[in-house]
Amino acid sequence: MYTISNKLKTFSIALIILGLLGVGYGFMTSHKSFEEVETMLAEETAHHGGGHAVATEAHVVADDSDHSDNSHQANTHDATADVEHHVDDHAKHVEHVQHQIANRPWSALYVAAFFFFMIALGVLAFYAIQYASQAGWSPVLFRVMEGITAYVLPGGLIVLAIAVASGTIGHYNIFIWMDPDVVAHDKLLQGKSGWLSLGWFAVRGLIFIAGWSLYRHFSRKFSIANDTATDNSNFKKAFRISAAFLVFFIYTESIMSWDWIMSVDPHWFSTLFGWYVFAGMAVSGITVIAFISLYLKSRGHLEIVNDSHIHDLAKFMFGFSIFWAYLWFSQFMLIWYANIPEEVTYFITRIEDYNGLFFGMLVLNFVFPFLVLMNSDYKRIPWFVVMAGIIILIGHYIDVYVMIMPATVGDRWSFGIPEISSVMLFAGLFLFIVFTALTKAPLVVKRNPFLKESEHFHY
């Protein structure tokens, strides 16, 4: 039986504590007054050579003094109206920026929460695929996958809780469609209000999480029971529920992607989006399987995991990276070429305000793993797989970041304490839950019909 080391336990708890402190600091410093934001914007305007418009207005008003009294009164009235309109627009702009700044800690928390949750959900789907396809190479890795999927239930509930809290405790910090005032003035959102309502959103999320968690519970139960069974009935049960779960997963993962990610831009939609999100969660999940397997093997566990198993994990990392890039290009190219205003705005915003991140993640998620993992021999070298995996995980965190932040904070984004502390918080929680789950059962399954094939697997 595996026992979590005191160092790893202490490290994960330290990450959680430091993350909580940083998240708290991010929330405390995000509530700026109207005057503070106004001063900040004035400094930015001055830095970029602003103030010309105000001087021009004063010059125009001064010139009006040379006209007749009637003309002077009319022009003064027009100038006053223009100034009032300018002041009103200025106030709205300041309030908008004020809201964007307040959104940042919520969004940073949500991005990190979803990122670690999608790793666990991606592993759950990969685990079900292994059972349903009766794969012969992977049974020695099943307990690692089961440990990672222990995060599905708490991780999913946390993501849903942050989403709901942002529209109740917060001020509609992530999902603008949760704001009844916005919906009242938006015909498109009114048309979607039957689906995009806070109550129905929460109910759907609970249904998704319950379905995923029930599959994880019963598949894990059958897996452990099969260790001491005298026949293969538990394996057959796991096979059946895995096949059924994959049908459920295809539908619920797509809807979850629409609800939890795509609806931050409620006017935009893409029919490829569910597959796009799945590709990211699959490659991230498989990468973490490789990381934890290599870690356990380096600590004297999982001796039967050989370089061929690592090679196959790296091969899936390579394949899903290409699949993700294919979906990224398909989604981008079709929408950009069609140039429909409601659709192309999504990419224009990201190219203008997130240019380096938007195209940089293409290098991190496709170009780098494609070049590094193309060679079959490199897939067998642990440090090479770890290096590629770190880049892949960073790239897919940025992918989630770019999907969320433009709709919530606009051009007021940056990487700082809110983002770093949120990652630390959920990384610590993920490590603690996963490695605690690994202590609950032997690290290698017993009596699996394909165990011998997996033990002697060589590619």
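In what follows, every heavy atom counts, from backbone to side chain, and hydrogens, waters and symmetry copies are set aside. This chain uses plain numbering: 1 for the first residue, then up along the sequence.
- Side chain of Thr436 to backbone of Ile433: no donor-acceptor contact under 3.5 angstrom is found.
- Separation of the Phe239 and Phe235 ring centroids does not fall under the 6.0 Å cut-off.
- Cation-pi contact between Arg350 and Tyr346: present, with separation from the ring centre below 6.0 Å and deviation from the ring axis of at most 45°.
- Using bins of under 30°, 30° to 60° and over 60° for the plane-to-plane angle, the ring pair Phe222/Phe218 lands in the tilted bin.
- Partners of Asp353 under the salt bridge (Lys or Arg N to Asp or Glu O under 4.0 Å) rule, at least two apart in sequence or in another chain, do not exist in this structure.
- For the atom pair CD1 of Ile13 and CG of Leu431, the computed distance is 11.5 Å after rounding to the nearest 0.5 Å.
- In this structure, Tyr110 has its ring center no closer than 6.0 Å to that of Trp106.
- Here the straight-line distance linking atom CG of Asp186 with atom NE2 of His267 works out to 3.5 Å at 0.5 Å rounding.
- Atom-to-atom distance recorded for Asp265:CG and Glu343:CD is 12.5 Å, nearest 0.5 angstrom.
- The aromatic rings of Tyr354 and Trp413 lie parallel to each other, their planes meeting at an angle below 30°, with 60° marking the opposite boundary.
- Separation of the Phe115 and Phe426 ring centroids does not fall under the 6.0 Å cut-off.
- Using the six-membered ring where Trp is involved, Phe117 and Trp212 have ring planes that are tilted, between 30° and 60° apart.
- Contact record, Phe384 with Val372: CE2-CG1, 3.0 Å, taken as the closest heavy-atom pair.
- The shortest non-hydrogen separation linking Pro105 to Pro418 is CA-CB, 4.3 Å.
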N/O donor-acceptor pairs under 3.5 Å from side chains in residues 390-403, not counting sequence neighbours:
residue : atom : partner : partner atom : Å
Asp399  : OD1  : Tyr276  : OH           : 2.7
Asp399  : OD2  : Tyr276  : OH           : 3.2
Asp399  : OD2  : Trp324  : NE1          : 3.2
Tyr401  : OH   : Ser414  : O            : 3.1

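- Among the candidates Tyr172, Trp200, Phe201, the single residue satisfying the ring-ring contact (aromatic ring centres under 6.0 Å, His included) test with Trp177 is Phe201.
- Contact check for Trp268 versus Ile335: side-chain heavy atoms found under the 4.5 Å cut-off.
- Taking the centre of each ring, Phe347 and Trp336 stay at or above the 6.0 Å mark.
- Annotation: the span from Ile292 atom CD1 to Ile148 atom CD1 amounts to 4.0 Å, rounded to 0.5 Å.
- Using cut-offs of 30° and 60° on the angle between ring planes, the pair Phe366 and Phe370 is tilted.
- Aromatic rings from Tyr215 and Phe248 are positioned such that their centres are separated by 6.0 Å or more.
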